[in-house]
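Read the structure below first, then the notes.
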Amino acid sequence: MVIVIGPQDPGSSAQGNDAVWRAVTVENGVAGSTRSFAQNQLSDFVSAVHRTSHHPDRIRWVWSSTNAVYPSLLRAGVSVSRCWDLALNQTILRNAATLPSNQVQYSPAVDLRTSEPAPAGHIPPRHDPQQVSLFDAPTRPGSRAEPGIDQLVEEFAAQKGAVDDSPGRQRLTLLLAAESQGALIAAEMYHEGLPWNADIHQRILHELLGPRPDEGERPALMQELAEEIGRTLGTSRLNPDSPQDLLRALHSAGIEVSSTRKWDLMAWADRGGSSSDQRRAMIGPVLRYKQLYRLWTANGWHWLDEWVRDGRFHAAYVVGGVVTGRWAAHGGGAMQIPQTVRDAVRADPGNVLTVADASQVEPRILAAMSSDRALAVAGQGKDLYVGIAEIGQRTGSALKDRPAAKVALLGAMYGATSGEAGSLAPHLKRLFPEAIGVVENAADRGERGGQVTTWLGRTSPPPDQRWFDTVKDVSTASAEARSNTMARSQGRFTRNFVVQGTAAEWALCWMGEIRRRLRSGGENGGPMSTSLVFFVHDEVVLHGPESEAQVVADIVRESAASAGRLLFGDSPVDFPLTVETVDSYAEAK
DNA sequence: TAAGGACGCCAC
DNA sequence: AAACGTGGCGTCCTTA
C-alpha cells in the first residue's frame with residue numbers, strides 16, 4: 001500500500017503548525033481514499049494508521065522529502081518501514097532522463113530541486129530540536145512554494161510511470177527504494193547520534209595539546225613546538241600557521257621544498273644519504289606541529305562544544321550528496337573522524353559497538369559488474385589483493401605481492417597512468433580483461449563527453465558546454481594539451497563513477513537490509529534494541545545491548561551477502577566483512 | 001570587510 | 001615521489 005502525504009494547499013513555509021494535511025491512498029496508480037489531519041497531528045496520524053493496518057511494514061509513505069517530514073516523526077517516537085522520497089528520486093530520474101539510451105521518459109509534475117542539498121535531520125545542533133517546526137528547515141531556500149498534496153500525488157505518478165515504462169525498471173525501482181530507505185536511515189542515525197564520550201575526548205586533547213588555552217591563544221604544547229621550529233630554522237617569531245611564512249623560513253634554512261606539505265617535507269628528509277637523520281631532526285618539529293594543528297582546529301575543544309550534545313555526535317548526512325550516489329555529510333566533518341579521536345566513541349554502559357567494514361568493496365563490485373570470473377575467484381574466501389598476488393606469483397606476473405596488487409587495482413579504478421600503478425596496469429589487464437574492460441569503456445565514453453550509468457541506473461551528469469568548447473579547441477599546441485587534459489580528466493571521472501556509484505548502491509542495500517532485520521529481529525518479531533549509528537561509504541557502526549551483539553554480527557554479515565544477491569543475483573563474488581564488537585571505536589582497526 | 005580561492009589534511 | 005577517484009572543512013590570503 002502506498003500513502004502520499006503532504007499539505008492540502010500549496011504554499012510557502014509560512015503555513016503554521018495547524019495547517020491541514022492530507023493523506024491519499026494510491027492503489028494501482030489510482031488515488032483512493034483521502035483523510036485529513038492537522039500538520040501537528042502527523043505523528044498521531046501515522047501511528048494510528050500503523051495500529052489499524054494488518055501489515056504496517058508494507059506501507060510505503062510517499063512524501064516530498066524525508067528531511068522535511070521524518071525528523072518530527074522520530075522525535076515523536078514514530079518510525080516507518082518504507083518511504084518514497086520524491087525529491088531524492090526526482091534527482092535520480094532527472095539525470096537518468098538526460099541519457100537517451102536509458103529510455104527514461106520523465107517530466108516532473110513539480111520541481112522539487114533544492115538550491116542546496118539538505119542534510120538529514122536538518123537541525124542545527126545549537127538549537128533545541130523540540131522548538132523546530134516542520135518547515136523551518138534549510139530545505140529549500142529558493143523560496144519556491146511548498147507543493148501541495150495534489151501536486152505530490154501527480155509527481156508520484158510521474159515518477160512511478162517513468163520507472164515502470166523504462167527497460168531498466170527492475171534495477172531503477174530498486175535504486176529508488178534503496179535511496180529512499182537511505183534517507184530514512186540517515187534521519188534515524190542523525191536522531192540517534194554516535195555515542196561520544198566528551199571526557200575521553202578532552203583527555204586526548206589534554207595529553208596531546210596541553211590544557212585548553214584561552215580564546216585566541218595557542219595550546220601550550222603547540223606554542224613550545226612553534227618556538228622550537230623558530231630556533232631550528234633560525235627564524236625568530238615564526239608563525240607556522242602561515243604556509244607562506246613557513247615556506248620562507250624553510251628556504252632560508254636551506255630546506256629546498258616546493259611546498260610546506262607533509263609529503264613534500266618527508267620526501268626532502270629522505271632524499272639525503274648520510275645526513276638524513278639530521279634532516280629528519282630539522283623537519284620533525286614541523287611535522288609534529290602540523291599534526292597537532294590539525295587536531296586542534298578540526299577536532300579540538302571548539303568541535304566538541306559545537307557538535308557533541310548529551311554524549312552524542314549527530315552527523316547530518318546528505319543522502320546522494322555526492323554525484324556518484326555516495327553520501328556526504330554537512331557539519332562536524334562526520335565522514336572524516338580522524339583516528340586520533342576515535343577512542344572517544346564509546347558504547348554506553350552495558351552496550352557495545354559493532355563496527356563492520358566491507359573488505360575491498362570497490363574491486364569486488366567491479367568484479368561483479370563485469371562478470372570477471374577470475375577476479376571474483378581471486379577474492380573468494382580471502383583478501384582480494386592477496387588473491388591477486390597469489391595469481392600473480394603463479395603466473396609470473398609483476399603483481400607478485402599484496403601492495404603491488406592493491407596499487408594496481410586502485411590505479412585501474414582511478415585511472416592512474418604513471419608511476420607504479422601505471423606500469424602495473426598492463427599486467428592487471430592481462431589477468432582480468434573483463435574487469436579492466438568495464439572501467440576502460442567508461443573512461444572512453446567520458447573522454448568523448450558521454451555519460452555512464454551505475455549498475456542500478458544512476459547516471460553521470462554530462463560535461464558542461466565549456467568542457468566541450470575546450471576539448472574541441474586544438475588550434476594550438478597548448479590548446480591541444482589543454483583539450484587532452486580536460487578529456488582525460490572527464491574520463492577518470494566516468495571511469496570511477498561506475499565503480500564508486502555501484503559500490504554506493506551496494507552499501508545502501510547492505511544498510512537497508514541491516515535495518516530491515518533489526519526492525520523485526522527482536523522478541524515476537526518486534527524491533528531489536530540495537531540501532532545503526534554511523535556510516536562511512538563501506539563501513540557501519542551499530543550500538544546496542546551486549547546481549548544482542550552476536551545476533552547483530554550475524555545480521556551484518558548476512559546483510560552483506562544479501563545485498564550482493566539483490567544486486568548481482570548468484571554472482572560468484574563474495575562480500576566479506578571485518579566485524580568487530582568493541583567498547584571503543586579505536587579498538588576497531 | 002565580506003567573499004572566494006588556495007592550501008593542506010582528514011576520511012573512504 | 002607523484003599521481004590517480006569522491007568529498008568536508010578550517011585557516012590563510014588575495015581581491016572586490
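Reminder, nothing fancy here: chain letters follow the sequence lines and each chain counts from 1.
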### Task
Could you note down all residue pairs passing side-chain hydrogen bond (donor to acceptor under 3.5 Å, both in side chains) where residues 221-230 of chain A supplies at least one of them, sequence neighbours left out?
A:R218-A:Q223, A:Q223-A:E227
#### Entry: Side chains of A:P461 and A:F493 in contact at under 4.5 Å (non-hydrogen atoms)
yes
#### Entry: For A:Y293, all residues meeting ring-ring contact (aromatic ring centres under 6.0 Å, His included), sequence neighbours excluded
none
### Query
When every nucleotide of nucleotides 6-16 of chain C is labelled 5' to 3' by its protein contacts under 4.0 Å (heavy atoms), B for base, S for sugar-phosphate only, - for none, what sequence of letters results?
BBBSSSSSS--
### Message
Distance under 4.0 Å to a non-hydrogen atom of chain A counts as contact; along DNA chain B, which nucleotides mark the start and end?
### Response
B:dG8 to B:dC12
### Query
Of the residues in residues 399-426 of chain A, which ones touch DNA chain C at a heavy-atom distance under 4.0 Å?
A:Y414, A:G415, A:A416, A:T417, A:S418
### Message
More than 12 heavy atoms of other residues, nucleotides or ligands under 6.0 Å from CD of A:Q465: yes or no?
### Response
yes
### Query
Is it the case that more than 12 heavy atoms not belonging to A:K406 sit under 6.0 Å from its NZ atom?
no
### Task
Report which part of the nucleic acid A:R342 touches: base, sugar-phosphate, or nothing (heavy-atom distance under 4.0 Å, all strands).
sugar-phosphate
### With sequence neighbours excluded, residues passing ring-ring contact (aromatic ring centres under 6.0 Å, His included) with A:F535
A:W327
### Task
Identify, residue by residue, the members of residues 443-456 of chain A with a heavy atom below 4.0 Å from DNA chain C, and return them in order of residue number, or none.
none
### Summary
Applied to residues 497-507 of chain A, the side-chain hydrogen bond (donor to acceptor under 3.5 Å, both in side chains) test, sequence neighbours excluded, yields A:T324-A:Q500, A:T454-A:E505, A:N496-A:Q500
### Message
Would you measure the distance from the C1' atom in B:dC12 across to the matching atom in C:dC4 and give it in whole Å?
### Response
15 Å
### Query
Quick one: side-chain hydrogen bond (donor to acceptor under 3.5 Å, both in side chains) pairs with a partner in residues 415-428 of chain A, sequence neighbours left out?
A:H427-A:R430
### Task
Tell me what A:Q339 touches on the nucleic acid: a base, only sugar-phosphate, or nothing, going by heavy atoms under 4.0 Å.
sugar-phosphate
#### Entry: A:H314: partners by ring-ring contact (aromatic ring centres under 6.0 Å, His included), with sequence neighbours left out
A:Y190
### Non-hydrogen side-chain atoms of A:P219 and A:L292 separated by less than 4.5 Å
no
### Message
The test is side chain to side chain donor-acceptor pair (under 3.5 Å); show your working for A:Q244 and A:R248 and say whether it passes.
### Response
CA-CA 6 Å; A:Q244 280 180 1; A:R248 250 196 306 276; 4.8 Å; no
Donor-acceptor pairs are to be reported for all side-chain atoms of residues 339-347 of chain A against protein atoms at under 3.5 Å, with residues two or more places apart or in another chain.
residue: A:R342; atom: NE; partner: A:I337; partner atom: O; Å: 2.9
residue: A:R342; atom: NH1; partner: A:Y585; partner atom: OH; Å: 3.4
residue: A:R342; atom: NH2; partner: A:I337; partner atom: O; Å: 2.9
residue: A:D343; atom: OD1; partner: A:R346; partner atom: NH2; Å: 3.0
residue: A:D343; atom: OD1; partner: A:S584; partner atom: OG; Å: 2.6
residue: A:D343; atom: OD2; partner: A:R346; partner atom: NH2; Å: 3.1
residue: A:R346; atom: NE; partner: A:D343; partner atom: O; Å: 2.8

### Message
Going by the rule ring-ring contact (aromatic ring centres under 6.0 Å, His included), which residues pair with A:F313 if we only count those two or more places apart in sequence or in a different chain?
### Response
A:W196, A:W303
